[in-house]
Amino acid sequence: MKKLSALLLTLLLVLGMTACSGNNSGTEGKSADLTKVMSDMKAVLENKEMMDLGEENLMQNYGIDPETVKQFAVYIDSTGLKGDEIILLEGKDEEATKTIKEMIDARYQQKENTMKSYQPEEYAMLQECKVQQNGNYVSLIVSPQHEELEKIYTDSFK
């Protein structure tokens with residue numbers, strides 16, 4: 001009986017550690033084509049007044065050196081009236097990803113500070129959004145449709 005109890009306890013511990021390892025998004029160790037992900041997001045976005053940003057905008061807008069990025073897709077509101085912004089990045093390595101996450105965290109903070117004073121409705125929406133890191137992938141999805149867009153993002157990892 002003691003052996004059976006010990007075996008069950010060991011099995012539960014192993015299963016518990018397996019369930020808790022990695023992150024809660026299920027994307028650890030998986031990859032995604034961020035250009036395709038963004039295309040899928042654009043297909044459902046209600047805000048049609050958005051524009052893509054290119055590699056030259058990574059340093060200018062986010063302080064991110066393009067040399068540290070493996071792939072990316074950025075789509076922002078072009079009117080300046082809404083807080084909608086989708087940033088999807090994959091760092092070249094763990095160190096680059098750490099720096100990228102810090103820069104995107106700073107961008108989130110900047111948006112928060114601006115919207116809190118000048119765009120209270122957009123600020124409320126921003127509070128529901130967050131910067132996420134999954135392995136070498138970093139994302140910030142700010143949109144009234146953030147839940148739907150986050151699902152597209154998470155489901156794209158294979």
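Although no hydrogens or angles enter the test, the distance criterion places no donor-acceptor pair under 3.5 Å between the side chain of Glu90 and the main chain of Lys70. In terms of modelled atom types and a separation under 3.5 Å, the side chain of Glu56 and the main chain of Leu58 share no donor-acceptor contact. In this structure, Tyr108 contributes its side chain and Leu126 its backbone to a donor-acceptor pair below 3.5 Å. Of the possible donor and acceptor atoms, none in the side chain of Asn57 sits under 3.5 Å from a partner among the backbone N and O of Gln60. Side-chain atoms of Thr114 come within 3.5 Å of backbone N or O of Gln110 as a donor-acceptor pair. Ser139 places no side-chain N or O within donor-acceptor distance of the main-chain N or O of Leu88, the cut-off being under 3.5 Å. A donor-acceptor contact shorter than 3.5 Å is absent between the side chain of Lys101 and the backbone of Val138.
Under the 4.5 Å side-chain heavy-atom criterion for ILVMFWY residues, no single connected hydrophobic cluster contains both Val74 and Met50. Cluster membership check: Leu140 shares its hydrophobic cluster with Leu53, using side-chain heavy-atom separations under 4.5 Å among Ile, Leu, Val, Met, Phe, Trp and Tyr.
Within 6.0 Å of CD on Glu112 lie more than 12 heavy atoms contributed by other residues, nucleotides or ligands. Under a cut-off of 6.0 angstrom, the local environment of CD in Glu94 is sparse, with at most 12 non-hydrogen atoms contributed by other residues, nucleotides or ligands. Glu121 CD: 12 or fewer foreign heavy atoms inside a 6.0 Å radius. Atom NZ of Lys48 has more than 12 heavy atoms from other residues, nucleotides or ligands within 6.0 Å.
A distance of 10.5 Å separates CD1 of Ile64 from CD of Glu102, quoted to the nearest 0.5 Å. Rounded to the nearest 0.5 angstrom, Ile104 CD1 and Lys111 NZ are separated by 11.0 Å.
With respect to the salt-bridge test (charged N to carboxylate O, under 4.0 angstrom), the residues Lys42 and Asp52 qualify. A salt bridge does not link Glu49 to Lys82: none of the charged side-chain nitrogens sits closer than 4.0 Å to a carboxylate oxygen.
By the salt bridge (Lys or Arg N to Asp or Glu O under 4.0 Å) test, Lys151 pairs with Asp155, sequence neighbours left out.
Counted by atom type alone, Gln109 and Asp105 present zero donor-acceptor pairs between their side chains at under 3.5 Å.
At least one side-chain heavy atom of Leu45 sits under 4.5 Å from a side-chain heavy atom of Tyr75.
Taking the six-membered ring where the residue is Trp, the centroids of Phe157 and Tyr137 are separated by under 6.0 Å.
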